[in-house]
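What's counted below: heavy atoms across the whole structure, side chains too, no hydrogens, waters or symmetry copies.
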Amino acid sequence: MTTTTPRRLSRRTVPALPEPRGPLSAAVMDLMRGARDVEVPAPAAADPYGDDLQLALYVLYELHYQGFASVPEAREWDSGLLSVRGAIEERFLGALRGDVPADDTDSAWAALDELQVEPVDGTGSVSHFLRDEGTLEQLREYAALRSLYHLKEADPHAWVIPRLYGRAKAAMVAIEFDEFGGGRADEIHAQLFADLLADLGLETAYGHYVDAAPAEMLATVNVMSLFGLHRALRAALVGHFASVEVTSSPGSRRLAEALERVGAGPAAVRFYAEHVEADAVHEQVVRHDVVGGLLEEEPGLEADVVFGIRATGHLEDRLAARLLAVWRDGGSALRTPEPVAATV
């Protein structure tokens, strides 16, 4: 992943469909392009965390965001694609519920408190590793992968706003207002991350690094859309959002220190430095008003909040294990390490 001058494509550039990773994702993309008589493999037989299923789900969800250059916009609500997506979601959600069960005996407050307990030596933590020994190249790889979320930061969580009431809704809107720059386009957090990418010599265009992202990264992005696009999972999305905000500030501090250590530019450091302060405030608002307000209105949803918290941690742990294993072995975390570098 060679550092070069970024192309600075417009962030409004609609991405091309990525390369398929198996029969399921290939069939889904054929359907998206308008092919007929496509035989779609049964999602129930696919690895719920594997590349093929996660890429198929990712491209289906992207129809609700920026779409793809070769896919007509009307495909967003195509009944056939929605049916396939439902079967894929059932497989993914079933695996998550099996791996991170939650029931009515679980406390959302206890689950949130657990997020603040970190291993003393940072074992299993990507941000600890990058701060203490990560190279500039590893930080660039990490930024390329995280761009799949950060270039649409806050968008998936916005789905929950019309599904909340009173205090929870007001608090969620207040936090999202900050995430979207407080009314300033150049302060939108997605734009700040694009500035980080440019500072690191990476491509800033939306969705550019999909082909480079392993299944573990795709899953961390997909789970937000899974929760966000289903009203029945609104409390799980709140749990996910709470998990992100509670863990963001200390992790962002370590990443800012990592970028400073390797000599990254001010725009790269600024993105994470901004999150240290902002998310420390957001954490308290999420706890008391978003989660607290939701459970005050709908106390029966507490198990779903816990599920959202635990599912987030489960998928982030899977991603961390992959990244740390390959980096400690001297390899690249990217599926396609050479083609993803920005070109002049």
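Residues forming a ring-ring contact (aromatic ring centres under 6.0 Å, His included) with Y272 (at least two apart in sequence, or on another chain): none. With sequence neighbours excluded, the residues that form a side chain to side chain donor-acceptor pair (under 3.5 Å) with E296 are R167.
Under the 4.5 Å side-chain heavy-atom criterion for Ile, Leu, Val, Met, Phe, Trp and Tyr, F227 and L82 are members of distinct hydrophobic clusters. Criterion: ILVMFWY side-chain heavy atoms under 4.5 Å apart, direct or through other members. Under it, F241 and V173 are part of a common hydrophobic cluster. A continuous path of ILVMFWY side-chain contacts below 4.5 Å connects L197 to Y65, so both sit in one hydrophobic cluster. When the side chains of ILVMFWY residues are joined at heavy-atom separations under 4.5 Å, either directly or via intervening members, L237 and V285 end up in a single hydrophobic cluster. Side-chain heavy atoms closer than 4.5 Å link hydrophobic residues (I, L, V, M, F, W, Y) into clusters, and following such links, even through other members, never connects F180 to V244.
Within the 4.5 Å cutoff, side-chain heavy atoms of R234 are placed close to those of E298. Put simply, the side chain of P156 reaches to within 4.5 Å of the side chain of Y149, judged on heavy atoms. Using a 4.5 Å cut-off on side-chain heavy atoms (C-beta onward), V221 and Y61 make no contact. You'll find the side chain of R85 stays beyond 4.5 Å of the side chain of L63, heavy atoms only. Looking at V286 and V291, their side chains come closer than 4.5 Å, going by heavy atoms from C-beta outward. With contacts defined as side-chain heavy-atom distances shorter than 4.5 Å, the pair D195/R270 does not qualify. The shortest side-chain heavy-atom distance between F129 and Y142 does not fall under the 4.5 Å cut-off. The shortest side-chain heavy-atom distance between F193 and K152 does not fall under the 4.5 Å cut-off.
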Run the side chain to side chain contact (heavy atoms under 4.5 Å, CB included) test on L55 and V210 for me, step by step, so that the C-alpha distance in whole Å, both residues' side-chain angles and the decisive distance to 0.1 Å come before the verdict.
CA-CA 9 Å; L55 181 62; V210 175; 4.0 Å; yes
CA sep, side-chain torsions, deciding dist, call: Q66, V14, side chain to side chain contact (heavy atoms under 4.5 Å, CB included)
CA-CA 7 Å; Q66 297 298 318; V14 180; 5.6 Å; no
Apply the test side chain to side chain contact (heavy atoms under 4.5 Å, CB included) to residues L192 and E153: give CA-CA distance (whole Å), side-chain angles for both, the deciding distance (0.1 Å), then the verdict.
CA-CA 10 Å; L192 296 182; E153 184 170 345; over 6 Å; no
Tell me, with the steps shown, if S25 and V59 meet side chain to side chain contact (heavy atoms under 4.5 Å, CB included).
CA-CA 8 Å; S25 54; V59 295; over 6 Å; no
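Between the side chain of Q54 and the backbone N or O of P48, at least one donor-acceptor pair lies under 3.5 Å. A donor-acceptor contact shorter than 3.5 Å is absent between the side chain of D304 and the backbone of A236. The closest donor-acceptor contact from the side chain of T312 to the backbone of G308 lies under 3.5 Å. Put simply, the side chain of D199 never gets that close to the backbone of A264: no donor and acceptor are under 3.5 Å apart. Proximity of a side-chain donor or acceptor of R261 to a complementary backbone N or O of R131 within less than 3.5 Å is detected. At least one donor-acceptor pair closer than 3.5 Å links the side chain of Q138 to the backbone N or O of T135. Not a single donor-acceptor pair under 3.5 Å links the side chain of E203 to the backbone N or O of H208. At least one donor-acceptor pair closer than 3.5 Å links the side chain of D106 to the backbone N or O of D103. Side-chain atoms of D52 come within 3.5 Å of backbone N or O of L24 as a donor-acceptor pair.
Remark: D104 CG to E302 CD distance equals 8.5 Å, nearest 0.5 Å. The structure places CG of L130 at 12.0 Å from CD of E257, a figure rounded to the nearest 0.5 Å. Atoms OG1 and CG, on T336 and D211 in that order, are 6.0 Å from each other to the nearest 0.5 Å.
When every heavy atom of R163 is checked against every heavy atom of W159, the shortest pair comes out as CD-O, 3.8 Å. Closest of all the heavy-atom pairs between D51 and R21 is OD1-NH1, 2.7 Å. Minimum heavy-atom separation, A154 to E179: CB-CB, 3.5 Å. The two residues L60 and I88 come nearest to each other via the heavy atoms CD1-CD1, 3.9 Å. When all heavy atoms of A212 and L145 are compared, the closest pair comes out as O-CD2, 3.8 Å. Closest approach of V38 and A35 over heavy atoms only: CG2-CB, 3.7 Å.
In this structure, R97 is positioned above the aromatic face of F307, its NZ or CZ under 6.0 Å from the six-membered ring centre and within 45° of the axis.
Taking the six-membered ring for Trp and the full ring otherwise, the centers of F271 and H275 sit less than 6.0 Å from each other.
When the shell of 6.0 Å around CZ of R254 is examined, it contains more than 12 heavy atoms from other residues, nucleotides or ligands. Annotation: Q116, atom CD; neighbour count of heavy atoms from other residues, nucleotides and ligands within 6.0 Å is above 12. The environment of E133 atom CD is dense: over 12 non-hydrogen atoms of other residues, nucleotides or ligands sit within 6.0 angstrom. Crowding of D186 atom CG: a count of heavy atoms from other residues, nucleotides or ligands under 6.0 Å exceeding 12.
Using a 4.0 Å cut-off between charged nitrogen and carboxylate oxygen, E137 and R140 count as a salt-bridge pair. Under the 4.0 Å criterion applied to side-chain N and carboxylate O atoms, R75 and E62 are not assigned as salt-bridge partners. One finds a salt bridge joining D113 and R287 here, because a Lys/Arg side-chain nitrogen approaches an Asp/Glu carboxylate oxygen to under 4.0 Å.
Among E316, H314, R322, the single residue meeting the side chain to side chain contact (heavy atoms under 4.5 Å, CB included) criterion with R318 is H314. Applying side-chain hydrogen bond (donor to acceptor under 3.5 Å, both in side chains) to H240 and the options E245, H157, R310 leaves one that passes, H157.
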